[in-house]
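Computed from heavy atoms alone, side chains included, the values below leave out hydrogens, waters and symmetry copies.
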Amino acid sequence: MDPVTLGFLTAGALGAGLLLLALVVGDLLHLGGLDADGPFSFPAVAAFIGGVGFAGAAASALLPIPGDAVRAVLSAGIGLLGALPLAWFAVRLSRGLMNMRTDRTLSDDDVAGALGVVITRIPATGYGEVRVRLAGQDLKYSARSDVALERGAQILVVRALSSTAVEVVGLDEHPLPPPD
């Protein structure tokens, strides 16, 4: 492999490595400050370097021009043109990843009012276990009740005692009102 193509491939590999690093730990390595975004963000610069390297290597390998200097200059120009769409895509991708909407974190208060089922008998003076469906997830809690509840009993969570324990009432003893 000729040195011009090898040089461009090395630049492309460096850019690809930096882009991967930017997408994995991007908040720590932004160029131009923590709020840098757009064409001068770390992912954009890394994609641009990689694009120049790989597009330049392809041009260098395919151009039938003798002489390393002329081929290197032409390959660099082609690499610069090829890198622009890659940098634009990296900006869009990193912005999408960094601004991705997520659901809020559930708190202990969110479990109050949830319906569930007893999975380990709850004695009147101790704890058992319940399974509660909350925000589309089945969660297991230690549970206590004023009355004993058998396995399979339908329950309503009255309040959270901690992040792992709840107070419940059986729906057989406290039926819910019919819906309006």
Side-chain angles (χ1 to χ4, degrees), residues 1-117 119 129-142 157 160 162-166 179:
M1 180 176 301
D2 68 280
V4 173
T5 304
L6 184 60
F8 280 115
L9 282 175
T10 303
L14 174 68
L18 290 174
L19 180 59
L20 181 63
L21 187 66
L23 292 177
V24 173
V25 289
D27 285 342
L28 301 176
L29 299 174
H30 279 220
L31 294 177
L34 293 176
D35 293 330
D37 193 13
F40 299 108
S41 66
F42 192 75
V45 172
F48 188 77
I49 292 170
V52 168
F54 290 129
S60 174
L62 297 175
L63 284 176
I65 298 173
D68 288 345
V70 174
R71 194 168 37 136
V73 169
L74 287 174
S75 296
I78 293 170
L80 288 171
L81 290 174
L84 289 175
L86 289 175
W88 176 83
F89 180 72
V91 168
R92 301 285 300 186
L93 176 65
S94 63
R95 187 178 295 152
L97 291 173
M98 290 179 202
N99 297 329
M100 186 182 305
R101 289 176 31 127
T102 60
D103 293 336
R104 69 178 184 81
T105 302
L106 297 175
S107 69
D108 294 344
D109 296 331
D110 292 321
V111 73
L115 299 174
V117 64
I119 56 174
E129 292 179 317
V130 295
R131 184 180 62 234
V132 176
R133 187 148 187 89
L134 188 62
Q137 300 178 45
D138 285 331
L139 302 173
K140 186 170 82 167
Y141 290 94
S142 294
V157 177
S162 71
S163 60
T164 59
V166 293

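- With sequence neighbours excluded, the residues forming a side chain to side chain contact (heavy atoms under 4.5 Å, CB included) with A165 are Y127, S142, L161, S162, listed by chain and number.
- Interatomic distance, L9 CG to L14 CG, rounded to the nearest 0.5 Å: 12.5 Å.
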Using atom types as modelled, flag every donor-acceptor pair under 3.5 Å from a side chain in residues 66-74 to any protein atom, sequence neighbours excluded.
residue : atom : partner : partner atom : Å
D68     : OD1  : R71     : NH2          : 2.6
R71     : NH1  : D2      : OD2          : 3.3
R71     : NH1  : S60     : O            : 3.3
R71     : NH2  : D2      : OD2          : 3.2

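- Closest heavy-atom contact between A47 and A87: CB-CA, 4.0 Å.
- Every pair tested for salt bridge (Lys or Arg N to Asp or Glu O under 4.0 Å) that includes a residue from residues 74-83 fails, sequence neighbours excluded, so the list is empty.
- Residues L134 and V111 come closest through the heavy atom pair CD2-CA, 4.0 Å.
- The salt bridge (Lys or Arg N to Asp or Glu O under 4.0 Å) pairs that include a residue from residues 7-18 number zero, where partners must be two or more places apart or lie in different chains.
- When all heavy atoms of L63 and S75 are compared, the pair lying nearest together is CD1-OG, 3.9 Å.
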Throw together a table of side-chain donor-acceptor distances under 3.5 angstrom for residues 49-56, partners on residues two or more places apart or in other chains.
none

**Report entry** Audit row: V130, V166, side chain to side chain contact (heavy atoms under 4.5 Å, CB included) steps and yes/no
**Finding:** CA-CA 9 Å; V130 295; V166 293; 4.0 Å; yes

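- Scanning for salt bridge (charged side-chain N to carboxylate O under 4.0 Å, His left out) contacts around D138 gives R133, with sequence neighbours left out.
- Side-chain contact between I78 and F8 is absent, with no heavy-atom pair separated by less than 4.5 Å.
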